[in-house]
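Read the structure below first, then the notes.
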There are 2 protein chains.
Amino acid sequence: MNLRKRTSPVLREELVSTTLSCGLPCYAIPKRGFAKKVGIFATRYGSIDLTFTPDGQGMLETPPGIAHFLEHQLFKKAGGEDILMEFGKYGASSNAFTDYCTTAYYFTASGSFEKNLELLTGFVSAPYFEAENVAKEKLIIEQELRMYEDSPDHRLYKNLMGVLYTIHPVRIDIGGEVSDIQKIDRDLLEKCYRMFYNPSNMVLVVAGDLDPEAAFAVAEKTLSVDSFRAQGPIQRHWPTEPAGVKDRVVRAEMAVSRPRVLVGFKDLEPAGTKSLEREIQSSVVLDQLFGRSSEFYTRHYESGLIDDSFSFSYNSEDAFGFSLIGAETDEPEKLAEEILLELHKAKKGKLKQKDLERSKRKRLGKFIRSFDTPDGAAFLIMGCAQRNVDLFQVPQVISKLSAGALERRLREHFDEQNYAVSILSPKKA
Amino acid sequence: MNLRKRTSPVLREELVSTTLSCGLPCYAIPKRGFAKKVGIFATRYGSIDLTFTPDGQGMLETPPGIAHFLEHQLFKKAGGEDILMEFGKYGASSNAFTDYCTTAYYFTASGSFEKNLELLTGFVSAPYFEAENVAKEKLIIEQELRMYEDSPDHRLYKNLMGVLYTIHPVRIDIGGEVSDIQKIDRDLLEKCYRMFYNPSNMVLVVAGDLDPEAAFAVAEKTLSVDSFRAQGPIQRHWPTEPAGVKDRVVRAEMAVSRPRVLVGFKDLEPAGTKSLEREIQSSVVLDQLFGRSSEFYTRHYESGLIDDSFSFSYNSEDAFGFSLIGAETDEPEKLAEEILLELHKAKKGKLKQKDLERSKRKRLGKFIRSFDTPDGAAFLIMGCAQRNVDLFQVPQVISKLSAGALERRLREHFDEQNYAVSILSPKKA
């Protein structure tokens, strides 16, 4: 087995990688002295992958919710038993998540690492699609989707995405709607599984006090099956999101005791290979304008317009990028106005040099601290691999941040044409 | 079935309660329009219940970790299968936790509510203690305890409790040490189970869009078994914690990229029936001195001594109470000093009337918002029932807060004799 080893003086960590004979890229971070070990097996298949052209075939359009449905389905063994049980036998916890671009399966364990890794790679690469299982899982997923509807934050967010975007699939819930789930059957699941669950579209990451070569050998053994082979590239088709928004404001009522508001700004261009730069620049701009030490935060916290629930984030993938800023507040309209006003003012002025240096240190510190635990390191590496970002480049990208680049990003991203506001109010008794 | 119904004009909620024929108190909060339903079955048995006198018997001393071990054990069916599977069949999620004074089992589900409630009440009231199961679970718990040791925050906290308290069992980890677990066997588990898992020491809470009477009827049916009967009172013995601390400062090194510090203050007197007042007073004092809008927070955030990781809490039960204040920081000693200095200054001065009114509103708002979701409401009711606190009294206790009472609490609790400091530093390479 051909091992590649790299070390980072900034991180004081070693990253070991290899490619299995089936074509699967594998990464290991050996962290001495930790009891917890982690394994993650992930595929670049998420909720926005609805339309694609498999190698040498025609374009395929699928209903929303399949990536998430597959995540549920893969945990089922023949006969309907759950794989979680198997991990429990070896003292491990296993779970999974689906987001816009990724489905990831993982376990954490202190003992029996190789046995657990064998289970992880085994169940993800050898699914059971029994018609009866699929029908049962459909009911469970429908219930899960209905439960999300109870969450005020989920409703606020979902409503926002529905008006911020006009046609991009990021506007659709990751799990799909109940009506979408109805359209999913065993054949469709199998078809999408074959497309996206293959070594050329996946990555395996392990971290903890372990021997990388022994871990890779376990994966080599369990994944040397005829059904798990590298495929040609998948072409994904995302519609070009038009400038402007579907609707400027969306309002809803719910049984909450206090209103909440969420303001969103979308990027129109996909980031492509610049997704790391874009993400870091956008997060730093947001932190300077709305962070705990910003003039905005101090002023409105003092006046009572915002409280600890105030938060903001930039959400980025190659195919999309958007900012969210919001809070619980007694005056949702006023808070939305103040946020827009602050951005308007900022675009006319200059960012402070002092803030820039602080932001860089803060950002670098956050990155380095991700490596404090085996799971933190493993999920970061998975994220980088999914987006073709070189982990060791991150400190450089941060150190290169300039005031000019941040100001360009500020003006480009917080475009007054491309924002929408979602407001949730208490239901009148 | 004798139903008691109470409504709160402040909360706009109805609380329905009954006592089953076995003696179990049951509470229901019907919340219309929510998809999520919740059931919680809890016992007043936690990690600090180590020494007790069962009704009419001699005093019993047990090793730490049994409450948490029972939590694990109860999820096992005959043959070693896990009860979680059963809930999965009905589209529900089930979980449990053990803390200092409580073990709670719960599920959330959107459909099949009565079936899930039957499962919950069934498995908690009819455990299997097979010797082979117990031996297997011991290995799993040992691994779990070792994994906790990886967590810097857990280590920081555990070290602090070990020096803050001299003899009170709150100084011991909730899960116990590996050496404690070795002493636990099937007989001991069964003995403690019989003591603490009976209707006079437990509570059942359900919340969601449901019919309280139908829910109570399910519990009545599943719990009408001879083995589940009300017992006489359990006398718990906690040693009287002496004034002063075991050690003033504890230091450790770990593979973290940045130091962290935690300062703790302990109460010496048990709160008894005043635990609600004490908790609210202490939290409000902490918020005024160290909250986001405090002079302390603003000053040290600006200087870079603290960042968003700064946090504080008051942790209260009838049998103990302690405050924690800490953060990740480059200068842990300096932050500890500044915290102590701030408390010293505050004890000499007066709290501001303006801050008092804001604190009251904030605290009441937080309480009311707990009822925004079925699970929020259910866990709050469980907590009140466990501590014999009347839920509907909470708004009154908040409105009665006076500057005088807060100042007395400040001087009493933040005693310069009864604090300790825990510091965690990066391991030297």
Side-chain angles (χ1 to χ4, degrees), chain A residues 11-12 31-37 75 80-82 84-85 88-92 108-112 136 139-152 208 254-258 291-293 297-298 301-302 304 307-308 328 358 361-362 365 368-374 427 429, chain B residues 11-12 31-37 75 80-82 84-85 88-92 108-112 136 139-152 208 254-258 291-293 297-298 301-302 304 307-308 328 358 361-362 365 368-374 427 429:
Chain A
L11 295 173
R12 297 192 298 176
K31 287 191 77 73
R32 303 280 163 247
F34 283 85
K36 187 190 266 181
K37 298 179 182 72
F75 275 99
E81 287 256 311
D82 209 298
L84 293 174
M85 285 295 301
K89 279 184 199 157
Y90 299 102
T108 57
S110 57
S112 309
K136 265 193 203 164
L139 295 174
I140 288 170
I141 291 169
E142 285 175 15
Q143 293 189 357
E144 189 180 314
L145 298 183
R146 288 204 183 91
M147 280 214 279
Y148 281 128
E149 294 292 310
D150 283 354
S151 156
M254 240 182 124
V256 292
S257 49
R258 205 169 174 214
R292 285 277 140 81
S293 55
Y297 189 87
T298 313
Y301 194 102
E302 267 303 306
D307 63 13
D308 299 356
E328 290 186 17
R358 177 152 69 178
R361 278 199 307 276
K362 200 168 161 182
I368 293 174
R369 282 198 292 284
S370 305
F371 290 86
D372 278 358
T373 57
K427 201 172 256 170
Chain B
L11 295 173
R12 298 192 298 174
K31 289 191 76 75
R32 302 281 163 248
F34 283 85
K36 186 191 266 181
K37 297 179 181 71
F75 275 100
E81 287 257 309
D82 209 298
L84 293 173
M85 284 296 302
K89 281 186 196 157
Y90 299 102
T108 56
S110 56
S112 309
K136 265 192 201 164
L139 295 174
I140 288 171
I141 291 170
E142 286 174 14
Q143 293 190 357
E144 190 180 313
L145 298 183
R146 288 204 183 93
M147 280 215 277
Y148 280 128
E149 294 291 310
D150 283 353
S151 157
M254 238 182 126
V256 293
S257 49
R258 206 170 173 211
R292 285 277 138 82
S293 55
Y297 189 88
T298 313
Y301 194 102
E302 266 304 305
D307 62 13
D308 299 356
E328 290 185 18
R358 177 153 67 178
R361 277 199 308 277
K362 201 168 161 182
I368 292 174
R369 282 199 291 284
S370 306
F371 289 87
D372 279 358
T373 57
K427 199 173 259 173

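Just so we're on the same page: letters track the sequence lines, and every chain starts at 1.
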What part of D308(A) is in contact with chain B, defined as an atom under 4.5 angstrom from a non-hydrogen atom: side chain, backbone, both or neither?
side chain
Can you say whether R358(A) sits under 4.5 Å from chain B via the side chain, the backbone, both, or neither, judging by heavy atoms?
side chain
Quick one: does D150(A)'s side chain have a donor or acceptor within less than 3.5 Å of a partner on A35(B)'s backbone?
yes
So, the part of A92(A) with a heavy atom under 4.5 Å from chain B: the answer is neither
Could you tell me which non-hydrogen atom of S257(A) sits nearest to which non-hydrogen atom of I368(B), and how far apart they are?
CB-CG2, 3.7 Å
By a 4.5 Å heavy-atom criterion (distance strictly below it), what part of Q143(A) contacts chain B: side chain, backbone, both, or neither?
both
Shorter than 4.5 Å, heavy atoms on both sides: which option in K37(B), M254(B), R258(B), R361(B) has the most such pairs with chain A?
R258(B)
For the candidates G291(B), A109(B), G304(B), G365(B), which exhibits the highest count of non-hydrogen atom pairs separated by less than 4.5 Å from chain A?
A109(B)
Contacting moiety of M147(A), where chain B heavy atoms sit under 4.5 Å
both
Rounding to 0.5 Å, atoms OG (S151(B)) and NZ (K36(A)) come to a distance of 8.0 Å
Heavy-atom pair count under 4.5 Å with chain A, highest-scoring of P374(B), S293(B), G91(B)
S293(B)
Which answer fits F371(A), side chain, backbone, both or neither, if we ask what part of it has an atom under 4.5 Å from a heavy atom of chain B?
neither
Most heavy-atom pairs under 4.5 Å with chain B, out of R146(A), E142(A), R292(A), belong to R292(A)
Looking at R32(B), K362(B), E328(B), which makes the most heavy-atom pairs under 4.5 Å with chain A?
E328(B)
Does OH in Y148(B) sit with more than 12 non-hydrogen atoms of other residues, nucleotides or ligands closer than 6.0 Å?
no
Which of M85(A), K136(A), K31(A) touches chain B most, by non-hydrogen pairs under 4.5 Å
M85(A)
E302(B) portion near chain A, given a 4.5 angstrom heavy-atom threshold
both
